[in-house]
Amino acid sequence: PDVVADGRSAAIEGLIAANNFAILARIETTLTPEQAAELYEEHEGKPFFAALCSFMSSGPLIALALSKANAVECWKQLLGPESVLEAKEEAPGSIRAVY
């Protein structure tokens with residue numbers, strides 16, 4: 001939601017396209033708390049779960065269906081490390097480091 005609210009979605013989509021991902025589908029939507037809980041059910045019971053679901057249902061987001069050879073591995077690489085600090089050090093061009 002913060003990416004849409006801050007107007008950064010076009011830049012991120014441009015980076016995705018520049019890394020040769022095909023955007024097969026794009027939808028702007030707002031998740032309900034129940035949809036967010038279902039999406040992140042693997043984290044249920046963890047201390048951050050409620051805050052994560054609240055944040056992800058707090059405003060519009062953009063969901064993309066992407067395609068590329070070795071898409072999952074390439075996507076993880078483009079995202080960068082989960083820690084923003086690590087991403088800035090180890091993968092300065094990644095989505096997490098830049099945005």
Side-chain angles (χ1 to χ4, degrees):
D2 58 336
V3 168
V4 173
D6 295 345
R8 297 176 287 167
S9 57
I12 292 173
E13 288 180 48
L15 183 59
I16 291 167
N19 279 271
N20 299 312
F21 282 90
I23 298 175
L24 303 178
R26 179 189 188 279
I27 185 169
E28 186 168 333
T29 189
T30 301
L31 298 177
T32 65
E34 294 79 17
Q35 289 171 319
E38 184 178 339
L39 181 64
Y40 293 104
E41 68 183 339
E42 68 190 70
H43 300 298
E44 191 169 5
K46 295 179 183 173
F48 59 85
F49 181 72
L52 175 63
C53 293
S54 177
F55 171 70
M56 291 305 294
S57 60
S58 68
L61 56 80
I62 296 172
L64 301 172
L66 304 174
S67 177
K68 179 178 179 171
N70 300 312
V72 173
E73 184 59 36
C74 292
W75 179 246
K76 288 179 181 180
Q77 191 171 26
L78 182 58
L79 279 177
E82 288 184 22
S83 162
V84 173
L85 294 176
E86 286 180 33
K88 288 181 178 187
E89 289 179 14
E90 299 171 17
S94 68
I95 291 173
R96 288 188 175 119
V98 176
Y99 301 99

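Values below: all heavy atoms of this structure, side chains included; hydrogens, waters and symmetry mates excluded.
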Take Leu15 and Tyr99, measure what side chain to side chain contact (heavy atoms under 4.5 Å, CB included) needs, and give me the verdict at the end.
CA-CA 11 Å; Leu15 183 59; Tyr99 301 99; 4.0 Å; yes
Counting only heavy atoms not in Asn70, do more than 12 sit closer than 6.0 Å to its CG atom?
no
Smallest separation among heavy atoms of Pro81 and Glu86, with atom names:
CB-CB, 3.9 Å
Can Thr32 and Ser57 be said to form a side chain to side chain contact (heavy atoms under 4.5 Å, CB included), step by step?
CA-CA 5 Å; Thr32 65; Ser57 60; 5.9 Å; no
Scanning both residues in full, the closest heavy-atom pair of Cys53 with Ala37 reads SG-CA, 3.5 Å
Would a hydrophobic clustering, with Ile, Leu, Val, Met, Phe, Trp and Tyr connected at side-chain separations under 4.5 Å, put Val72 with Leu79?
no
How long is the straight-line distance from CZ of Phe49 back to CD of Glu44, given to the nearest 0.5 Å?
4.5 Å
Would Phe21 and Ser67 count as a side chain to side chain contact (heavy atoms under 4.5 Å, CB included) if you check the C-alpha gap in whole Å, the side-chain angles of each, and the deciding distance to 0.1 Å?
CA-CA 6 Å; Phe21 282 90; Ser67 177; over 6 Å; no
Distance, nearest 0.5 Å, that separates CD of Glu13 from CD1 of Ile23
5.0 Å
What do you reckon, is CD of Glu38 surrounded by more than 12 foreign heavy atoms closer than 6.0 Å?
no
Glu28 CD: over 12 foreign heavy atoms closer than 6.0 Å
yes
Counting only heavy atoms not in Lys88, do more than 12 sit closer than 6.0 Å to its NZ atom?
no
Within the distance-only criterion (no hydrogens, no angle test), does the side chain of Arg96 pair as donor or acceptor with the backbone N or O of Ala87 below 3.5 angstrom?
no
From the list Ile12, Ile95, Ile62, side-chain contact (heavy atoms from CB on, under 4.5 Å) partner of Val3 resolves to Ile12
What distance do Arg26 atom CZ and Ser9 atom OG have between them, rounded to the nearest 0.5 Å?
6.0 Å
Same cluster or not: are Met56 and Phe48 linked, directly or through other Ile, Leu, Val, Met, Phe, Trp or Tyr residues, by side-chain heavy atoms under 4.5 angstrom apart?
yes
Are more than 12 heavy atoms, taken from residues, nucleotides or ligands other than Gln77, located less than 6.0 Å from that residue's CD atom?
no
Heavy-atom pair of closest approach, residues Pro1 and Leu61:
N-CB, 4.3 Å
Run the side chain to side chain contact (heavy atoms under 4.5 Å, CB included) check on Ile16 and Leu66 step by step: do they pass?
CA-CA 9 Å; Ile16 291 167; Leu66 304 174; 3.9 Å; yes
Within the distance-only criterion (no hydrogens, no angle test), does the side chain of Ser58 pair as donor or acceptor with the backbone N or O of Phe55 below 3.5 angstrom?
yes
Looking only at heavy atoms, which two atoms of Ala69 and Cys74 are closest? And how far apart?
O-SG, 3.8 Å
